Visitor: 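Attaching a single structure in structure tokens format; questions to follow.
None of these values were measured; they are calculated from a predicted model. All ligand and atom numbering here is 1-based and tracks the order in the structure.
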Amino acid sequence: MDKSKIPADQAEALGALMDDHRAVKKQFKAFKDTEARDGKESIALDVCHQLTVHATLEEEIFYPALRGASDEIDDLLDEAQVEHQVAKDLIAAIEDDPAGDLLEASFTVLSEYVSHHIEEEEGELFKNVIKEKVNLRDVAQTMATRKEELMRELA
Ligand SMILES: [Fe+2]
Ligand SMILES: [Fe+2]
């Protein structure tokens with residue numbers, strides 16, 4: 001999705017979420033490009049932290065703000081909720097045993113899974129949010145404040 005084409009009422013909130021998406025996708029690539037085992041572990045744990053903060057923001061603030069906007073949005077939110085749960089299970093497995101033999105496999109599956117979720121969020125959910133003209137100005141502010149808190153709390 002092209003950030004410059006997002007209407008003003010949604011630009012800040014969707015733009016902030018898209019920035020998070022870009023940041024983790026960069027880290028997925030960095031993990032692949034890194035040979036050193038300790039480097040892979042620290043990237044994996046950093047990604048798990050970023051994803052946990054991002055998913056919490058969406059679940060606490062963003063998704064509830066969209067509930068009921070349209071039937072299609074409600075279906076996409078149900079799907080997103082299930083996808084978040086699967087991602088959380090993978091994150092928990094990585095955080096439980098970052099030094100384990102399955103790090104490479106678990107992180108690769110997490111990368112593929114989250115990349116798919118990001119495509120759906122930006123390609124379907126965000127598109128519908130713009131179509132339904134959901135006003136997200138207050139949501140953007142609330143998410144920004146909460147993000148700072150979570151970065152500290154979950155660090
Ligand atoms: Fe999400
Ligand atoms: Fe997201």
Side-chain angles (χ1 to χ4, degrees), residues 1-32 42-96 98 103 105-155:
M1 172 172 290
D2 184 350
K3 252 170 121 178
S4 65
K5 297 203 176 107
I6 303 175
D9 280 350
Q10 294 102 28
E12 202 185 330
L14 300 186
L17 294 170
M18 286 169 71
D19 287 344
D20 284 355
H21 294 168
R22 299 292 165 276
V24 289
K25 283 179 102 170
K26 247 193 181 159
Q27 294 282 73
F28 292 158
K29 191 178 176 313
F31 182 92
K32 259 196 209 159
S42 83
I43 292 169
L45 290 174
D46 181 50
V47 168
C48 288
H49 176 242
Q50 286 184 47
L51 287 175
T52 302
V53 170
H54 181 83
T56 305
L57 279 181
E58 288 184 342
E59 288 169 21
E60 281 185 7
I61 302 162
F62 182 59
Y63 293 168
L66 309 180
R67 257 303 156 197
S70 73
D71 288 346
E72 198 169 354
I73 285 178
D74 280 349
D75 289 345
L76 290 166
L77 290 174
D78 290 345
E79 216 178 294
Q81 190 185 325
V82 175
E83 289 181 354
H84 276 208
Q85 191 51 54
V86 176
K88 278 181 202 170
D89 291 345
L90 289 163
I91 289 168
I94 291 167
E95 287 182 330
D96 273 355
L103 177 71
S106 303
F107 193 81
T108 301
V109 175
L110 179 70
S111 312
E112 289 167 359
Y113 198 77
V114 169
S115 298
H116 159 82
H117 177 69
I118 288 173
E119 298 307 314
E120 288 209 333
E121 256 178 8
E122 295 189 11
E124 295 184 42
L125 185 62
F126 291 9
K127 230 168 64 193
N128 273 280
V129 167
I130 292 168
K131 186 176 128 204
E132 300 298 332
K133 299 188 171 63
V134 183
N135 188 324
L136 294 174
R137 287 177 191 267
D138 291 345
V139 167
Q141 196 49 56
T142 311
M143 282 201 296
T145 309
R146 183 73 178 120
K147 188 177 183 183
E148 301 216 340
E149 266 174 30
L150 286 168
M151 295 293 273
R152 279 196 305 271
E153 275 173 30
L154 299 171

Visitor: Salt bridge or not for Glu124 and Lys131, using N-O below 4.0 Å?
Guide: no
Visitor: Hey, which N, O or S atom on His21 ends up closest to the Fe ion (ligand 2)?
Guide: NE2
Visitor: Check residues 13-28 and write down every donor-acceptor pair under 3.5 Å in which the side-chain atom is one partner and the other belongs to a residue at least two apart or another chain.
Guide:
| residue | atom | partner | partner atom | Å |
| --- | --- | --- | --- | --- |
| Asp19 | OD1 | Lys3 | NZ | 2.5 |
| Asp19 | OD2 | Lys3 | NZ | 3.4 |
| Asp20 | OD1 | Lys147 | NZ | 2.7 |
| Asp20 | OD2 | His54 | ND1 | 2.8 |
| His21 | ND1 | Glu122 | OE2 | 2.7 |
| His21 | NE2 | His54 | NE2 | 3.1 |
| His21 | NE2 | Glu121 | OE1 | 3.0 |
| Arg22 | NH1 | Glu122 | OE2 | 3.2 |
| Arg22 | NH2 | Glu122 | OE1 | 3.0 |
| Lys25 | NZ | Glu119 | OE2 | 3.0 |
| Gln27 | NE2 | Asp46 | OD2 | 2.7 |

Visitor: Which residues and atoms, protein N, O or S only, are under 2.8 Å from the Fe ion (ligand 1)?
Guide: Glu58 OE1, Tyr63 OH, His84 NE2, His117 NE2, Glu121 OE2
Visitor: Please report the C-alpha distance between Leu125 and Leu66 in whole Å, then the side-chain angles of each, then the deciding distance to 0.1 Å, and finally whether the side-chain contact (heavy atoms from CB on, under 4.5 Å) criterion is met.
Guide: CA-CA 10 Å; Leu125 185 62; Leu66 309 180; 4.1 Å; yes
Visitor: How long is the gap from CD1 on Ile91 to CZ on Phe107, to the nearest 0.5 Å?
Guide: 9.5 Å
Visitor: When rounded to the nearest 0.5 angstrom, what distance separates CG in Leu154 from CD in Glu149?
Guide: 10.5 Å
Visitor: Using modelled atom types only, decide if a donor and an acceptor are shared between the side chain of Glu12 and the backbone of Arg137 within a distance under 3.5 Å.
Guide: no
